[in-house]
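Notes to accompany the following structure.
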Amino acid sequence: VLGGLRSPARGTVVLAIDGLSLDAAERAWTGASVRCLTSTFPSTSVTAWMTALTGTDPSQHLAVGMLYRIPRADRLAHVVANRVVEFEPAAAAAEAATAGAQATRQPAAQPETAPWRDEDVIAPQVTLFERARAGGARCVVLGRDMDKIPGPWTRSLFRGAERAMPSDRQEGMTGEGEIADPARYAAALTAEVEGILAAHDDGAPLLLWAYVNLDDHIHRHGYDAAVHNVLGYLEQAAVAWADRQWRVLAHSDHGQAELRPDARVARVWQQVSSASCCRLPSGGAGRARWLYPKPALETRVRRVLAEQLGDQVVIGSPEELAGWGLWRLTPGLRDRVGEIVAITTAGDFPAAKGHLRFDHGGVSEREMLVPLTIWPARER
Ligand SMILES: [Zn+2]
């Protein structure tokens, strides 16, 4: 991206597409070559956008999933919401289990301010925007769905960028984040990008980073016609911008894999991740989870997982994961993840919401392989 800003183009538009898998991009984008990138481990937005925008890995920025332990507070943080996550009351958990529903992760009343500082959650890193600005570019973030997230994560991600006007991100979507009208959704998004490009005075190259949330829709419906159509409209817009000397680059943070809900996995998982076995609720993201077992029960929890879910779940210690090349284990990372890591390869852990049909966090090709596509600016 930085190299492109020095090219003859007027600047670069980055379409940051949440949840898009490599193969869905390859099917939709026929006017440019789609290259393959690898997501982070865990393959989730919190981790992957941090890595994409800072060039550092999770051992450096320490954003290792949506939920992890904050060592200074010894509490589990929900990083996007910037709040403590507690074990849910036993009665609610039992009710959810008997109803066959997925256990909710929404805690009861939470303190107003999180009991940690931003830098306890995410280790500050230099962002792409700070580097681009140092090189003379003007940086603008069109955050859309991310605009409603105030915590340390977005503050760390967007350091050095101006924030565009608030977006009408609901246009063409349902309240649940499903794409109800692909044409309207894409038109609203591209109109917002157009507005920023038109207002830019060309005094400096522009780096515009626009967030495109397909993730919520894909969680519910997978890579369906609505997703395909939005991608088609985005390519049309990208070609038109490229014609007007903008370089357009699109990439995603992670893909998603189809879930096969399994009552047995849910039951065993609920047992081993409960307050009777663990010091903190489980962390991680979707299909990769961190467990913080009580020291006296660690061996037993590991044995139960291996014996009962060994065919569907890969179990390892943080050190073993480092040996498998999934992360570079540093003391900071070690203090955030628990003693046991569980990655599902087949079924599903009880998801945050029972209606999810697709999820991510794990290491399958569907989750890990993501697209990078560039529509080069037409020569002036
Ligand atoms: Zn997601």
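Numbering of ligands and ligand atoms starts at 1, following listing order.
Remark: R163 is not positioned above the aromatic ring of F129, lacking an NZ or CZ atom under 6.0 angstrom from the ring centre and at most 45 degrees off the axis.
Taking the Zn ion (ligand 1) as reference, H360 places its N/O/S atom NE2 nearest. The closest approach of D215 to the Zn ion (ligand 1), by N/O/S atoms, is made by OD2.
Salt bridge R72/E119: absent, no basic N to carboxylate O contact under 4.0 Å. Contact check on E194 versus R244 returns a salt bridge, with a Lys/Arg side-chain nitrogen under 4.0 Å from an Asp/Glu carboxylate oxygen.
At least one N/O/S atom of H219, from backbone or side chain, sits under 2.8 Å from the Zn ion (ligand 1).
When all heavy atoms of P124 and R159 are compared, the closest pair comes out as CB-NH1, 3.5 Å.
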